[in-house]
Amino acid sequence: MADWKETRSITLAFLNELSDADLDKILPRKKLNTIRLHMYELTLGQQGYVTALTTKAVVFGDEYNNYLSLPTETLIATMTKLDAELERALELLNGSESVEFFGEQINVHQMLSMMNGHEQMHIGQIIAFCYATGIEIPHSISEQMNLEG
């Protein structure tokens with residue numbers, strides 16, 4: 001959980017510190033072409049992982065058709081709710097459990113690592129898109145990650 005909370009804090013810093021204009025600026029990517037849409041995708045992915053802790057199977061929905069420019073507050077509230085659900089679900093596990101992931105059995109630790117890696121990948125993309133499109137990276141993130149301005 002400590003690793004996850006560290007990663008999630010960076011995601012939340014982007015949401016808390018970027019303007020709506022920056023969150024909605026069109027990025028050079030086909031499907032996930034705004035930072036806000038990246039954030040929405042992260043909630044969909046985390047929901048699949050969190051649900052798998054009880055169903056024992058990871059299933060990702062493709063709910064992009066339902067996406068409407070979600071307010072920042074809604075995205076933050078969803079992430080906060082999912083983080084609380086994650087923590088509660090993990091308290092019930094002993095670490096030896098496995099889940100089905102696209103037809104293969106993986107240990108719950110491996111699944112959590114994949115969830116964390118997925119979020120970190122998006123953070124890296126968001127940072128690159130900020131550089132490419134002139135969005136100023138919040139100081140709290142650039143300082144924490146030792147990024148050049």
Side-chain angles (χ1 to χ4, degrees), residues 1-18 20 22-132 135 137-138 140-142 144-147:
M1 267 317 283
D3 289 343
W4 174 251
K5 287 179 180 181
E6 184 65 29
T7 297
R8 179 46 59 92
S9 73
I10 297 166
T11 302
L12 290 171
F14 272 113
L15 278 172
N16 282 311
E17 297 182 43
L18 290 182
D20 284 336
D22 286 341
L23 290 171
D24 296 323
K25 190 172 192 174
I26 300 300
L27 307 173
R29 184 171 172 182
K30 291 180 184 178
K31 191 171 184 180
L32 297 177
N33 66 348
T34 68
I35 293 173
R36 188 181 308 274
L37 192 49
H38 275 262
M39 298 298 181
Y40 176 67
E41 198 274 341
L42 287 171
T43 65
L44 294 179
Q46 186 181 7
Q47 183 64 65
Y49 288 118
V50 169
T51 301
L53 293 173
T54 54
T55 65
K56 303 300 184 232
V58 178
V59 177
F60 298 115
D62 190 13
E63 302 170 21
Y64 294 103
N65 295 334
N66 298 330
Y67 170 75
L68 300 171
S69 186
L70 292 174
T72 301
E73 298 77 25
T74 301
L75 289 165
I76 292 169
T78 301
M79 289 179 180
T80 302
K81 176 181 156 281
L82 287 167
D83 287 349
E85 288 176 18
L86 174 66
E87 201 153 3
R88 279 192 304 275
L90 289 174
E91 289 172 357
L92 301 174
L93 304 178
N94 65 26
S96 66
E97 296 85 358
S98 63
V99 297
E100 181 183 330
F101 188 79
F102 295 102
E104 292 184 38
Q105 290 295 312
I106 61 171
N107 180 278
V108 68
H109 294 284
Q110 192 177 1
M111 186 199 77
L112 293 172
S113 179
M114 294 164 84
M115 182 181 77
N116 198 26
H118 177 249
E119 186 119 349
Q120 290 172 352
M121 180 269 303
H122 278 280
I123 290 168
Q125 287 185 14
I126 291 167
I127 289 169
F129 286 136
C130 285
Y131 283 133
I135 296 171
I137 297 169
S140 65
I141 295 169
S142 62
Q144 178 182 359
M145 298 186 77
N146 198 26
L147 301 173

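None of these values were measured; they are calculated from a predicted model. Numbering starts at 1 and runs along the sequence shown.
- To the nearest 0.5 angstrom, Ile127 atom CD1 is 5.0 Å from Leu147 atom CG.
- Among Val58, Thr55, Thr51, Asn107, the single residue meeting the side-chain contact (heavy atoms from CB on, under 4.5 Å) criterion with Val99 is Val58.
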Inset, instruction - Walk me through it: do Gln46 and Met115 pass the test side-chain contact (heavy atoms from CB on, under 4.5 Å)? - result: CA-CA 7 Å; Gln46 186 181 7; Met115 182 181 77; 3.9 Å; yes

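- With sequence neighbours left out, Gln125 forms a side chain to side chain donor-acceptor pair (under 3.5 Å) with Arg29.
- Atom CG of Leu18 is separated from atom NZ of Lys25 by 11.0 Å, given to the nearest 0.5 angstrom.
- Distance alone, capped at 3.5 Å, is enough to place a donor-acceptor pair between the Glu97 side chain and the Gly95 backbone.
- Residues satisfying the side chain to side chain donor-acceptor pair (under 3.5 Å) criterion with Ser113, sequence neighbours excluded, are absent altogether.
- Each of Gln105, His109, Gln110 was compared with Ser98 under the side-chain hydrogen bond (donor to acceptor under 3.5 Å, both in side chains) criterion, and only Gln105 meets it.
- In this structure, the separation between CD1 on Ile76 and CG on Asn16 is 4.0 Å, given to the nearest 0.5 Å.
- One distance of note links CE of Met79 with OG1 of Thr74; it measures 11.5 Å at 0.5 Å rounding.
- For the residue pair Ala52 and Met111, the shortest heavy atom distance occurs at CB-SD, 3.9 Å.
- Contact record, Ile137 with Cys130: CG1-CB, 3.7 Å, taken as the closest heavy-atom pair.
- Heavy-atom minimum distance, Ser140 versus Glu17: OG-OE2, 2.6 Å.
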Legend entry - Stepwise side-chain contact (heavy atoms from CB on, under 4.5 Å) test for Ile35 and Leu27: CA-CA 8 Å; Ile35 293 173; Leu27 307 173; 4.0 Å; yes

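- Between the side chains of Glu6 and Gln144, at least one donor N or O lies within less than 3.5 Å of an accepting N or O.
- To the nearest 0.5 Å, atom CD1 of residue Ile141 and atom CD1 of residue Ile10 are 7.0 Å apart.
- Shown here are the side chain to side chain donor-acceptor pair (under 3.5 Å) partners of Asn146, two or more places apart in sequence or in another chain: there are none.
- With contacts defined as side-chain heavy-atom distances shorter than 4.5 Å, the pair Leu23/Thr34 does not qualify.
- With rounding to the nearest 0.5 Å, the separation of CE in Met39 from CG in Leu32 is 11.5 Å.
- Within the 4.5 Å cutoff, the side chain of Leu75 has heavy atoms near those of the Tyr40 side chain.
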Legend entry - Working for side-chain contact (heavy atoms from CB on, under 4.5 Å), residues Ile126 and Phe14: CA-CA 9 Å; Ile126 291 167; Phe14 272 113; 3.8 Å; yes

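- The ring-ring contact (aromatic ring centres under 6.0 Å, His included) check on Tyr49 picks up Phe60, with sequence neighbours excluded.
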Inset, instruction - Test side-chain contact (heavy atoms from CB on, under 4.5 Å) on His118 and Leu42 and set out the steps. - result: CA-CA 8 Å; His118 177 249; Leu42 287 171; 3.8 Å; yes

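- Across Arg36 and Leu70, no two heavy atoms sit closer than the pair NH1-O, 2.7 Å.
- The minimum heavy-atom distance between Thr72 and Leu15, with the atom names listed, is CG2-O, 3.2 Å.
- In this structure Asp83 satisfies the salt bridge (charged side-chain N to carboxylate O under 4.0 Å, His left out) test together with Arg8, sequence neighbours excluded.
- The two atoms that bring Thr11 and Glu119 nearest to each other are OG1-OE2, 2.6 Å, heavy atoms only.
- Partners of Asn116 according to the side chain to side chain contact (heavy atoms under 4.5 Å, CB included) rule, which considers only residues two or more places apart in sequence or in another chain, are Asp3, Trp4, Thr7, Gln120.
- Residues Met114 and Phe101 form a side-chain contact, since some pair of their non-hydrogen atoms from C-beta on lies under 4.5 Å apart.
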